[in-house]
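Below is one structure; the comments refer to it alone.
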Amino acid sequence: MNTLGISSNCCLDVSLPDALERLLPYTDFVEILSDGRHSLFDFEETAASYSLRYSIHCPVSDGNIAEPNEKIRAASVEVIKDIAEIADRINAEVLVLHPGYCLDKTLFSASETALLRSIESLGKLQEEYTVRFAMENMGSLDCLHFRYPEFLDTIRDAGLGFCLDVGHAYLNGVLDAFLQKHPDHIHLHDNDGLCDLHAACGSGKIDFLKVLSCSVKTGVIECMNWKDTERSLEYLSRIPK
């Protein structure tokens with residue numbers, strides 16, 4: 001891995017300006033979770049004022065690009081377009097996207113069709129922007145799309161990149177398979193193989209020696225709090241390069 005950064009996910013207890021101040025002494029690469037108190041719709045100028053490299057995670061609290069309701073699906077893609085415009089203005093390198101979900105099992109097929117429509121739209125949008133769109137693999141809940149490597153061909157055929165979430169992949173028993181798929185970006189956190197803990201690297205069962213040997217340009221620690229982020233930094237620094 002060429003660059004190891006930190007997600008602002010660990011600093012959601014403070015506003016984005018305060019989060020960037022907290023992260024600045026530890027890294028020059030930050031992934032901004034553009035949601036809530038870290039929304040780039042509110043803090044684009046703040047992000048631009050720092051001499052940091054960025055990736056951006058699209059909002060996760062609202063929107064669903066796999067929603068069968070066309071108005072909601074289209075609006076969700078439009079939000080990604082708006083974030084991509086900001087990403088290019090602040091020279092962000094990666095834009096992480098979630099593939100969506102379906103809570104009603106009877107609509108799962110319709111949700112898959114909606115996701116394919118969104119992927120086609122996002123592939124066309126990718127041609128307009130410099131930032132690299134990267135779709136993230138999801139965890140072990142049945143309502144989530146893109147849990148297994150087989151779907152990756154569909155994503156790449158549309159011209160989109162791939163963000164490997166190692167914790168999600170480990171929960172689904174496919175981390176080794178995903179590591180062979182040449183991810184564009186990686187999310188690093190640990191778990192016990194049972195729950196999506198987003199715990200400190202080295203506190204669970206994931207083999208990070210194998211993960212860090214993967215050929216990938218950028219990755220970020222994506223823990224739920226600052227303490228686990230510090231523990232992850234210390235643990236990962238001890239793994240031979």
Side-chain angles (χ1 to χ4, degrees), residues 1-63 78-98 122 125-126 128-136 160-167 183-189 198 200-201 211-212 216-237 239 241:
M1 183 183 303
N2 293 340
T3 297
L4 175 62
I6 302 174
S7 168
S8 73
N9 188 66
C10 66
C11 301
L12 294 179
D13 57 320
V14 299
S15 67
L16 183 61
D18 290 338
L20 294 178
E21 284 295 321
R22 182 182 293 177
L23 297 176
L24 191 60
Y26 297 88
T27 185
D28 62 0
F29 186 89
V30 172
E31 180 161 300
I32 298 173
L33 173 55
S34 183
D35 212 341
R37 301 174 78 182
H38 293 190
S39 173
L40 284 168
F41 294 120
D42 299 322
F43 291 114
E44 176 183 348
E45 292 185 4
T46 297
S49 70
Y50 284 83
S51 57
L52 289 165
R53 294 169 57 197
Y54 292 116
S55 56
I56 297 172
H57 197 306
C58 285
V60 296
S61 59
D62 292 307
E78 190 67 20
V79 170
I80 293 173
K81 179 178 184 294
D82 292 342
I83 293 287
E85 291 175 356
I86 295 174
D88 271 10
R89 288 197 293 267
I90 67 171
N91 298 312
E93 299 173 28
V94 181
L95 180 63
V96 178
L97 321 169
H98 276 191
L122 291 167
L125 282 178
Q126 174 69 97
E128 301 178 21
Y129 298 98
T130 300
V131 66
R132 179 63 165 152
F133 291 15
M135 190 161 285
E136 177 183 349
L160 304 178
F162 168 43
C163 171
L164 169 59
D165 187 296
V166 300
D184 299 280
H185 184 62
I186 289 184
H187 285 168
L188 302 166
H189 52 91
H198 281 254
C201 299
V211 170
L212 293 188
V216 61
K217 183 179 179 182
T218 55
V220 296
I221 296 168
E222 194 188 47
C223 294
M224 299 299 291
N225 58 66
W226 180 242
K227 180 179 178 181
D228 282 349
T229 299
E230 287 188 305
R231 289 177 63 191
S232 297
L233 284 167
E234 195 277 330
Y235 173 77
L236 295 173
S237 70
I239 296 179
K241 301 297 188 290

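Position 1 is the first residue of the sequence, and the numbers go up from there. Worth knowing before you read on, the calculation uses all heavy atoms, side chains too, and leaves out hydrogens, waters and symmetry mates.
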Heavy atoms from other residues, nucleotides or ligands near CD of Glu45 exceed 12 (cutoff 6.0 Å):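 Atom CD in Glu45 is not packed in, count stays at 12 or less.
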Crowding at CE, Met224 (>12 non-hydrogen neighbours, <6.0 Å):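 12 or below, so no.
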Nearest-0.5 Å distance, [atom1] of residue [X] to [atom2] of residue [Y]:
| X | Y | atom1 | atom2 | answer |
| --- | --- | --- | --- | --- |
| Lys217 | Asp184 | NZ | CG | 10.0 Å |
| Asp13 | Arg37 | CG | CZ | 7.0 Å |
| Leu212 | Cys201 | CG | SG | 8.0 Å |
| Leu164 | Leu188 | CG | CG | 8.5 Å |
| Leu125 | Ile80 | CG | CD1 | 8.5 Å |
| Ile221 | Leu236 | CD1 | CG | 5.0 Å |

Donor-acceptor pair between Glu31 and Ser55 side chains, under 3.5 angstrom: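 The criterion, which ignores hydrogens and geometry beyond distance, is satisfied for Ser55 and Glu31.
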Side-chain donor-acceptor contact under 3.5 Å, His38 with Asn9: no
Donor-acceptor pair, side chain of Ser34 and main chain of Leu40, under 3.5 angstrom: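 Here the side-chain-to-backbone pair exists.
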Asn2 side chain to Thr218 backbone, donor-acceptor under 3.5 Å: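 It does not hold such a pair.
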Please tabulate, for side-chain N and O atoms in residues 88-95, each donor-acceptor pair with protein atoms closer than 3.5 Å (sequence neighbours left out).
| unit_1 | atom_1 | unit_2 | atom_2 | d |
| --- | --- | --- | --- | --- |
| Asp88 | OD1 | Thr130 | N | 3.3 |
| Asp88 | OD1 | Val131 | N | 2.9 |
| Asp88 | OD2 | Thr130 | N | 2.9 |
| Arg89 | NE | Glu44 | OE2 | 2.7 |
| Arg89 | NH2 | Glu44 | OE1 | 3.0 |
| Glu93 | OE1 | Arg53 | NH2 | 2.9 |
| Glu93 | OE2 | Arg53 | NE | 2.7 |
| Glu93 | OE2 | Arg53 | NH2 | 3.3 |

Sequence neighbours excluded, every pair satisfying salt bridge (Lys or Arg N to Asp or Glu O under 4.0 Å) that has a member inside residues 221-234: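 Found Asp228-Arg231, Glu234-Arg238.
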Counterpart residues, side-chain hydrogen bond (donor to acceptor under 3.5 Å, both in side chains), relative to Asp35 (two or more places apart): Ser61
ring-ring contact (aromatic ring centres under 6.0 Å, His included) involving Phe162 - partner list, sequence neighbours excluded: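 Checked Phe162 against ring-ring contact (aromatic ring centres under 6.0 Å, His included); matches are Phe146, Phe178.
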Which residues share a ring-ring contact (aromatic ring centres under 6.0 Å, His included) with His98, sequence neighbours left out: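 ring-ring contact (aromatic ring centres under 6.0 Å, His included) check on His98 returns His57.
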Minimal non-hydrogen separation, Tyr54 against Ala47, with atom names: OH-O, 2.7 Å
Shortest non-hydrogen contact from Pro17 toward Thr46: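 Looking at all heavy atoms of both residues, the shortest contact is CG-CG2, 3.8 Å.
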Parallel, tilted or perpendicular: rings of His185 and His187 (30°, 60°):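 Correct class here is perpendicular.
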Using atom types as modelled, flag every donor-acceptor pair under 3.5 Å from a side chain in residues 18-28 to any protein atom, sequence neighbours excluded.
| unit_1 | atom_1 | unit_2 | atom_2 | d |
| --- | --- | --- | --- | --- |
| Glu21 | OE2 | Tyr50 | OH | 2.6 |
| Thr27 | OG1 | Phe29 | N | 3.0 |
| Thr27 | OG1 | Phe29 | O | 3.1 |

Beyond-backbone contact of Ile6 with Ser232, side-chain heavy atoms, under 4.5 angstrom: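 Sidechains of Ser232 and Ile6: no contact.
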